[in-house]
There are 2 protein chains.
Amino acid sequence: MTPEEELETVERYMRERGHRWTNQRRLIADVAFGTHEHFTADELLDMCRRVDSQVSRATVYRTLAMLEEAGFVEGLDTGENGRRFEHVLGHEHHDHMLCQDCGRIVEFADPELERLKEAVAAQHGFRLVSHTLKLVVACQNPDCEFRRQDRTES
Amino acid sequence: MTPEEELETVERYMRERGHRWTNQRRLIADVAFGTHEHFTADELLDMCRRVDSQVSRATVYRTLAMLEEAGFVEGLDTGENGRRFEHVLGHEHHDHMLCQDCGRIVEFADPELERLKEAVAAQHGFRLVSHTLKLVVACQNPDCEFRRQDRTES
DNA sequence: CTTATTGCAAAATATTTGCACAGCT
DNA sequence: AGCTGTGCAAATATTTTGCAATAAG
């Protein structure tokens, strides 16, 4: 999916439920989908303000909530600095490892894990809506090149 | 492990690192380990205050942080009312399903899932420290007996 | 023109911290 | 006695909300 198609998908989603497609929403979606980093609401606000210094924090939160509800972004609880969001629209589902030594967020996908998640929910008579698997790991390398940065690696 | 042994384990842990074993810490640990519900810091405070109305919220948070650091309790992000903690000392690891329809928290354990989590971390060269698997599910039953209660079922 | 959306500031929520006093060891 | 831990209240951090002004349809 190209960036243009992603924006169109969001616009269509909004209009379909009678929401207006405003400059702010377009900008916020554009910026959120333009990065593949895991960003906080505040970082997203900063990035948006580089383009339009008038955007308010409240609008970023409100739009982020809509994008999350639509399943276009997903929030991840990293334990500090509030939740971090990531682009999922048009991307395959993946899970995360957080390295407690260097702070790195590593993404991974395992089809067998996915199958088991579905199976467990079904066994208990539930429909699986969404799932978050977070592995807290340790690289145990004091010289790790990612140390104390919040870089993402796929 | 009996409740007495659990308290002794906590006391030993505290004393080993030069922390004092105070009335408040004993009470908080006792109450936290006396329930198998998933409780918030605030609910734990309430339960403690039924025994000793002087206990402060700050002490509950501080003690909870120590218990979590020791691995005696674990926090779970439920999306509202802050984190919910649960007793893990002396219990087997398990994961959670949160029902978005009725609010129920269902615990489950799957050895195959556990094995895969270890394998994935190892594949990426990490040591697995801890892991949280949260399945958001839907019971899709409007008359669910658990509706809008935060009951726990194993 | 109508009404959803915005920006602002204030409120709400959850948690942490500074400090004087209490109480373990 | 000495120093850690406690309670209180205030601070912090993050997110949400009320409302008058603005702009999308």
Side-chain angles (χ1 to χ4, degrees), chain A residues 7 10-32 38-49 51-70 73-85 150, chain B residues 7 10-32 38-46 48-70 73-85 150:
Chain A
L7 270 192
V10 178
E11 176 173 355
R12 201 175 320 120
Y13 172 88
M14 293 283 190
R15 293 197 191 276
E16 268 166 13
R17 39 209 80 202
H19 298 310
R20 293 176 184 175
W21 189 234
T22 64
N23 288 331
Q24 290 88 333
R25 287 178 180 168
R26 189 181 312 108
L27 171 61
I28 292 165
D30 197 17
V31 170
H38 297 82
F39 53 84
T40 61
D42 208 58
E43 287 166 357
L44 178 57
L45 175 65
D46 281 349
M47 293 189 283
C48 289
R49 282 194 168 160
V51 181
D52 172 0
S53 63
Q54 299 304 300
V55 186
S56 80
R57 170 171 279 106
T59 299
V60 167
Y61 273 102
R62 285 186 280 230
T63 304
L64 217 31
M66 298 179 89
L67 295 178
E68 186 176 23
E69 168 132 3
V73 301
E74 256 174 33
L76 174 68
D77 185 41
T78 52
E80 51 183 12
N81 299 120
R83 294 198 304 157
R84 285 190 173 272
F85 294 86
D150 260 15
Chain B
L7 271 192
V10 178
E11 177 173 355
R12 200 175 320 120
Y13 173 88
M14 293 283 191
R15 293 197 191 277
E16 268 167 12
R17 38 210 81 203
H19 298 310
R20 293 175 182 173
W21 188 235
T22 63
N23 288 331
Q24 289 88 334
R25 286 178 181 169
R26 188 182 313 106
L27 170 61
I28 292 165
D30 197 18
V31 171
H38 298 82
F39 53 84
T40 61
D42 208 57
E43 288 166 356
L44 179 57
L45 174 66
D46 282 348
C48 290
R49 282 192 169 161
R50 274 174 223 142
V51 181
D52 172 0
S53 63
Q54 300 303 300
V55 186
S56 80
R57 171 171 280 104
T59 299
V60 167
Y61 272 103
R62 285 186 280 230
T63 304
L64 217 31
M66 298 180 89
L67 295 178
E68 186 176 24
E69 167 131 2
V73 301
E74 255 173 34
L76 173 68
D77 186 41
T78 52
E80 52 182 12
N81 299 120
R83 294 198 303 157
R84 285 191 172 272
F85 294 86
D150 259 14

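Lettering follows sequence order; numbering is per chain, from 1.
Between B/Y61 and B/L45 there is no side-chain heavy-atom pair separated by less than 4.5 Å. In this structure the side chain of A/I28 never reaches within 4.5 angstrom of the side chain of A/L64, judged on heavy atoms. Using a 4.5 Å cut-off on side-chain heavy atoms (C-beta onward), A/N23 and A/D52 make no contact.
At a cut-off of 3.5 angstrom, the base of C/dT25 holds no donor-acceptor pair with the side chain of B/R20. Residue A/R62 places a side-chain atom within donor-acceptor reach of the base of C/dG7, judged by atom type and a 3.5 Å distance cut-off alone.
With distances taken from any side-chain atom of B/W21 to the nucleotides D/dG7, C/dT25, C/dA9, the minimum falls on C/dT25. Distances were taken from every side-chain heavy atom of B/T22 (C-beta onward) to each of D/dA23, D/dG5, D/dG7; the shortest belongs to D/dG5. Counting only heavy atoms from C-beta on, B/N81 has its side chain closest to C/dA14 among D/dG5, C/dA9, C/dA14. When distances are taken from the side chain of A/N23 to each of D/dA24, C/dT25, C/dT6, the shortest belongs to D/dA24. Distances were taken from every side-chain heavy atom of B/T59 (C-beta onward) to each of C/dT15, D/dG7, C/dG7; the shortest belongs to D/dG7. Nearest to the side-chain atoms of B/Q24 among the listed nucleotides D/dT15, D/dT6, C/dT25 stands D/dT6.
Salt bridge status for A/E69 with A/R17: absent, with no side-chain N to carboxylate O gap under 4.0 Å.
If you measure from atom CZ of A/R15 to atom C1' of C/dT3, you get 16 Å, rounded to the nearest angstrom. When rounded to the nearest whole Å, the span between CD of B/E11 and C1' of C/dC24 equals 12 Å. Rounding to whole angstrom units, CG of residue A/L64 and P of D/dT15 are separated by 9 Å. Look at CG on B/D52: it is 13 Å from C1' on C/dA22, rounded to the nearest Å.
The residue among A/M66 and A/S53 whose nearest nucleotide of DNA chain C lies closer to the 5′ end is A/M66. Between A/S56 and B/G82, the residue anchored closer to the 5' end of DNA chain C is A/S56, taking for each the nucleotide with the nearest heavy atom.
B/R57 and B/R49 make their closest contact through N-NH2, 4.0 Å (heavy atoms, listed as atom of the first residue, atom of the second, distance).
Phosphate contact (OP1/OP2 of D/dG5, side-chain N/O of B/H19, threshold under 4.0 Å): present. Checking the phosphate oxygens (OP1, OP2) of D/dT6, a side-chain nitrogen or oxygen of B/R25 falls inside 4.0 Å. Between B/Y61 and the phosphate of C/dT16, there is no side-chain N or O to OP1/OP2 separation shorter than 4.0 Å. The side chain of B/R57 places no N or O atom within less than 4.0 Å of a non-bridging phosphate oxygen (OP1 or OP2) of D/dG7.
Within the nucleic acid shown, A/R17 has no heavy atom closer than 4.0 Å to any nucleic acid atom.
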